[in-house]
Amino acid sequence: EMTKEQRALMKAIVDAYNRHQIPQDVAKKLLQEQYSAEENFLLLTEMATSQVQVLVEFTKNIPGFLSLDREDQIALLKGSTVEAMFLRSAQVFSRKMPNGHTVVLEERIRKSGIPDEFMTPMFNFYKSIGELHMVQEEQAILTAITILMPDRPYVKDHQAVERLQETMLNVLRKLCVLQHPQEQQYFARLLGRLTELRTLSHYHAEMLTSWKMNDHKFTPLLCEIWDVQ
Ligand SMILES: CC(C)c1onc(-c2c(Cl)cccc2Cl)c1COc1ccc(-c2ccc3c(C(=O)O)csc3c2)cc1
């Protein structure tokens, strides 16, 4: 059973997760603009920039995050943004957005100059997340766990982050038993996705390099968070 504190922690994280979403007018652009590779790249850049802003606000609402060392907060954000965005965009795909975002988002990602060798692992990941049928609470806590990864580069107070992450893992473990009682290994499968996210973030670093080579432009926020240019 979940303790009172664990239920309060879960509520705080789920509320923050729901409160901070890409504004509808930004998401709607996916449906409106043209379909050239250039247009797709620009739109995805806008989505990513908006999503980073959303992630920063969500992260600030993770109980305990703002008590961490300031530089460690930055290191955690920089180190987890790509993975958190793969998780978030995966949820868009598995949500089968009623307003058709799923179809156009896939279309635009497929036609945005991303080399084919990254398409397969990326969409395999989206499929594997979809098959888990995560509930919203699991999505929110898994995102918090991804952000609170103690072994990100340049994190100094490893232990402080580990303590926070462990608290989240304990909540997630209990939640999985409650939400998927018939699936013994559900929690383990969820954590397996975090390993897949690491691989994707390595692919992503190569995607960035290949985009940079083709002189693609990013926004100042993305340049800062991804150390490009
Ligand atoms: C700079 C750009 C070209 C880029 O580089 N790598 C990636 C990138 C890609 Cl192509 C795949 C995965 C991760 C990243 Cl960073 C991207 C695009 O990143 C995206 C980030 C986030 C969304 C995203 C999130 C939520 C939602 C919602 C919702 O919540 O209601 C509705 S629509 C939507 C759209 C899309 C694209």
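Just so you know, these numbers use all the heavy atoms, side chains as well, and skip hydrogens, waters and symmetry mates. Atoms within a ligand are numbered from 1 in the order they appear, just like the ligands themselves. The structure displayed is predicted, hence computed values, not measured ones. Quick note: residue numbers are just sequence positions, from 1.
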ask   = Going by an N to O cut-off under 4.0 Å, is there a salt bridge joining Glu83 and Arg152?
value = yes

message = Assess whether a salt bridge exists between Asp15 and Lys11, defined as any Lys/Arg side-chain N lying under 4.0 Å from an Asp/Glu carboxylate O.
response = yes

Just jot down the ligand 1 atoms closer than 4.0 angstrom to any heavy atom of [X], in number order.
X: Phe41; result: 3 (C)
X: Trp211; result: 3 (C), 5 (O), 6 (N)
X: Ile114; result: 10 (Cl)
X: Ser89; result: 12 (C)
X: Met47; result: 22 (C), 34 (C), 35 (C), 36 (C)
X: Arg88; result: 25 (C), 29 (O)
X: Leu222; result: 1 (C)
X: Leu30; result: 32 (S)

Heavy-atom side-chain contact between [X] and [Y] under 4.5 Å:
X: Met149; Y: Arg198; result: yes
X: Leu172; Y: Phe187; result: yes
X: Ile114; Y: Trp211; result: yes

Residue-level breakdown please: for [X] versus ligand 1, do any non-hydrogen atoms fall below 4.0 Å on the side chain, on the backbone, on both, or on neither?
X: Phe118; result: neither
X: Phe93; result: neither
X: Leu44; result: both
X: Ile22; result: side chain

note = In terms of its nearest heavy atom to atom 7 (C) of ligand 1, the top option of His204, Met85, Gln51 is His204

query = Within a reach of under 6.0 Å around NZ of Lys156, are more than 12 heavy atoms found that belong to other residues, nucleotides or ligands?
reply = yes

Arg193 charged N/C atom sitting above Phe86 aromatic ring, 6.0 Å / 45° = no

query = Between Gln91 and Arg88, is any side-chain donor less than 3.5 angstrom from a side-chain acceptor?
reply = no

ask   = For Leu68, which of Val155, Asp157, Leu164 qualifies under side chain to side chain contact (heavy atoms under 4.5 Å, CB included)?
value = Leu164

